[in-house]
S.K.: 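Quick one: the structure is below, and I'll ask about it shortly.
These values consider heavy atoms only, across backbone and side chains, with no hydrogens, waters or symmetry-generated copies. Along the sequence shown, the residues carry numbers beginning at 1.
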Amino acid sequence: MSGVGGANGVPREGGRIRRLAAPPAGIAVGAVLAGVARVRRSRPVHPEGAVYAGRLVVHGSGDAPEATVLGRAAEYRAVVRFSRSLGLPRGLPDLLGMAIRVEDAYGPGEHQDFLLVTSADLPVVHHVFLPAGDVQQRPYTSAAPYRAGGRRFVVGALPREDSPRPEGGDELERLAGAAATGRLGFDIGVARLMGRFEVVGRLEIGRRVPPAAEAIRFHPANCGGGLEPFGMINRMRDFAYPASQRAWPAG
């Protein structure tokens, strides 16, 4: 499995962030998240998680245009953070998150980030989040759409049937056991706004990386190749994410 780029095994920060005008709702959400982050001294959402090295193998096709990272055949190093979104007690179902950084997707330091949450592979439903009790129980979705080359779609990750599924422990412990086998993987797909996911590649999960990787600031606007998030929700996130991230410690 490929290693993680950057000094001391910590992924490089970077990528192209396209700033959108922040709507009033984005300012309000950013202020609330920043307040929660200051109280928790960590992420306001997705506070508990684990970061793994990964490899993304793309074969392309689907609705992702060739200029984007999901539209052309290639292999990339990746960093993947699995997390509990709401921070409910371990053992209770939660909205589970998967944040993917595709390193150097568009050139050195030009990363692509995808922020996904558990959902379902069904039209309409993949625009909403659903709780899960295991990282391999449900598909993941970006929910909010992307556009590129005149196409609009959501991005998702689907558990693979051939991945190991250890028993016992909580979801992060079972994740660690599955990753330790070297056979844990997810299919990566794109779906039209009213369609189902079409697989365009696979994400292989490798070793867990040092705790310092928890300092990574994932951002949905880290994009390139003409791929960009759009819509009101993404306009809100474009302001709210940096506001909340400035409020929690880098370590």
Side-chain angles (χ1 to χ4, degrees), residues 1 43-57 62 70 78-102 113-146 153-209 213-214 216 218 220 233:
M1 182 69 63
R43 291 173 168 86
V45 291
H46 302 275
E48 184 179 11
V51 183
Y52 289 79
R55 184 170 72 112
L56 176 63
V57 181
L70 297 180
V79 184
V80 187
R81 183 178 190 265
F82 295 89
S83 60
R84 295 176 60 85
S85 299
L86 303 179
L88 298 177
R90 294 276 195 98
L92 294 179
D94 200 338
L95 301 177
L96 303 185
M98 180 191 297
I100 305 168
R101 170 159 292 176
V102 184
D113 288 355
F114 295 111
L115 280 69
L116 314 177
V117 180
T118 45
S119 182
D121 182 15
L122 293 169
V124 180
V125 181
H126 58 45
H127 294 289
V128 300
F129 302 146
L130 298 174
D134 187 86
V135 299
Q136 298 187 76
Q137 180 181 345
R138 294 187 183 277
Y140 295 74
T141 178
S142 63
Y146 290 86
F153 50 88
V154 294
V155 176
L158 296 83
R160 292 176 58 92
E161 292 184 359
D162 58 357
S163 286
R165 287 173 167 76
E167 297 181 356
D170 59 41
E171 67 278 4
L172 293 181
E173 292 170 335
R174 292 192 295 272
L175 163 65
T181 69
R183 296 184 289 109
L184 175 60
F186 294 82
D187 288 328
I188 300 299
V190 298
R192 297 183 181 183
L193 301 189
M194 296 298 292
R196 298 190 65 176
F197 286 116
E198 179 179 351
V199 175
V200 297
R202 76 178 181 277
L203 178 65
E204 300 170 355
I205 307 300
R207 62 181 177 84
R208 187 169 180 177
V209 300
E214 279 290 303
I216 301 171
F218 295 93
I233 292 178

S.K.: Under a 3.5 Å distance rule, please check whether Thr141 uses its side chain to pair with a backbone N or O of Gly156 as donor and acceptor.
M.R.: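 Answer holds: no.
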
S.K.: Report the C-alpha separation of Arg208 and Val51 in whole Å, then their side-chain angles, then the decisive distance to 0.1 Å, and conclude whether the side chain to side chain contact (heavy atoms under 4.5 Å, CB included) test is met.
M.R.: CA-CA 6 Å; Arg208 187 169 180 177; Val51 183; 5.9 Å; no

S.K.: Less than 4.5 Å apart, any side-chain heavy atom of Val80 and any of Met98?
M.R.: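 With C-beta onward as the side chain, the pair touches.
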
S.K.: Are Arg202 and Ile188 close enough that some pair of their side-chain heavy atoms sits under 4.5 Å apart?
M.R.: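 The answer is no, as the side chains (C-beta and beyond) never meet within the 4.5 Å cut-off.
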
S.K.: Between Gln136 and Arg160, what is the shortest heavy-atom contact and its length?
M.R.: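 Minimum heavy-atom separation between Gln136 and Arg160: OE1-O, 4.4 Å.
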
S.K.: Could you report the tightest heavy-atom contact between Phe197 and Leu158, atom names first, then the distance?
M.R.: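 Nearest pair, atom of Phe197 first, then Leu158: CB-CD1, 4.0 Å.
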
S.K.: Are the side chain of Arg174 and the backbone N or O of Gly169 linked by a donor-acceptor pair below 3.5 Å?
M.R.: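 Yes; at least one donor-acceptor contact below 3.5 Å.
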
S.K.: Go through the steps to decide whether Asp94 and Glu171 satisfy the test side chain to side chain contact (heavy atoms under 4.5 Å, CB included), and finish with yes or no.
M.R.: CA-CA 10 Å; Asp94 200 338; Glu171 67 278 4; 5.8 Å; no

S.K.: Using side chain to side chain contact (heavy atoms under 4.5 Å, CB included), reason through Tyr140 and Val135 one step at a time and then give a plain yes or no.
M.R.: CA-CA 9 Å; Tyr140 295 74; Val135 299; 3.5 Å; yes

S.K.: Can you name the closest pair of heavy atoms from Leu193 and Pro145 and give their distance?
M.R.: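 That would be CD2-CB, 3.7 Å.
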
S.K.: Would you confirm whether Thr118, through its side chain, and Leu95, through its main-chain N or O, come within 3.5 Å as a donor-acceptor pair?
M.R.: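 Not at all, since once roles are kept as given, no pair shorter than 3.5 Å links the two residues.
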
S.K.: Which atom pair, heavy atoms only, marks the closest approach of Val154 to Ala144?
M.R.: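 Looking at all heavy atoms of both residues, the closest pair is CG1-O, 4.1 Å.
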
S.K.: Show the nearest heavy-atom pair for residues Ala120 and Leu130, with the distance to one decimal.
M.R.: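 Heavy-atom minimum between the residues: CB-CD1, 3.9 Å.
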
S.K.: Does Arg192, at its CZ atom, have more than 12 non-hydrogen atoms belonging to other residues, nucleotides or ligands within less than 6.0 Å?
M.R.: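 12 or below, so no.
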
S.K.: Specify the closest pair of heavy atoms between Arg84 and Leu92, including all atoms of both residues, with the distance to one decimal.
M.R.: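 Looking at all heavy atoms of both residues, the closest pair is NH2-O, 2.9 Å.
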
S.K.: Within the 4.5 Å heavy-atom criterion, are Arg196 and Pro123 side-chain neighbours or not?
M.R.: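 When only atoms from C-beta onward are counted, Pro123 and Arg196 do touch, with a gap below 4.5 Å.
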
S.K.: Taking the side chain as everything from C-beta on, heavy atoms only, tell me whether Arg165 gets closer than 4.5 Å to Pro159.
M.R.: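 In contact.
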
S.K.: Please test Leu70 against Phe114 for side chain to side chain contact (heavy atoms under 4.5 Å, CB included), starting from the C-alpha separation and ending with a verdict.
M.R.: CA-CA 11 Å; Leu70 297 180; Phe114 295 111; 3.8 Å; yes

S.K.: Could you grab the distance from atom CG of Leu184 to atom OH of Tyr52, nearest 0.5 Å is fine?
M.R.: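 Leu184 atom CG to Tyr52 atom OH measures 8.5 Å (nearest 0.5 Å).
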
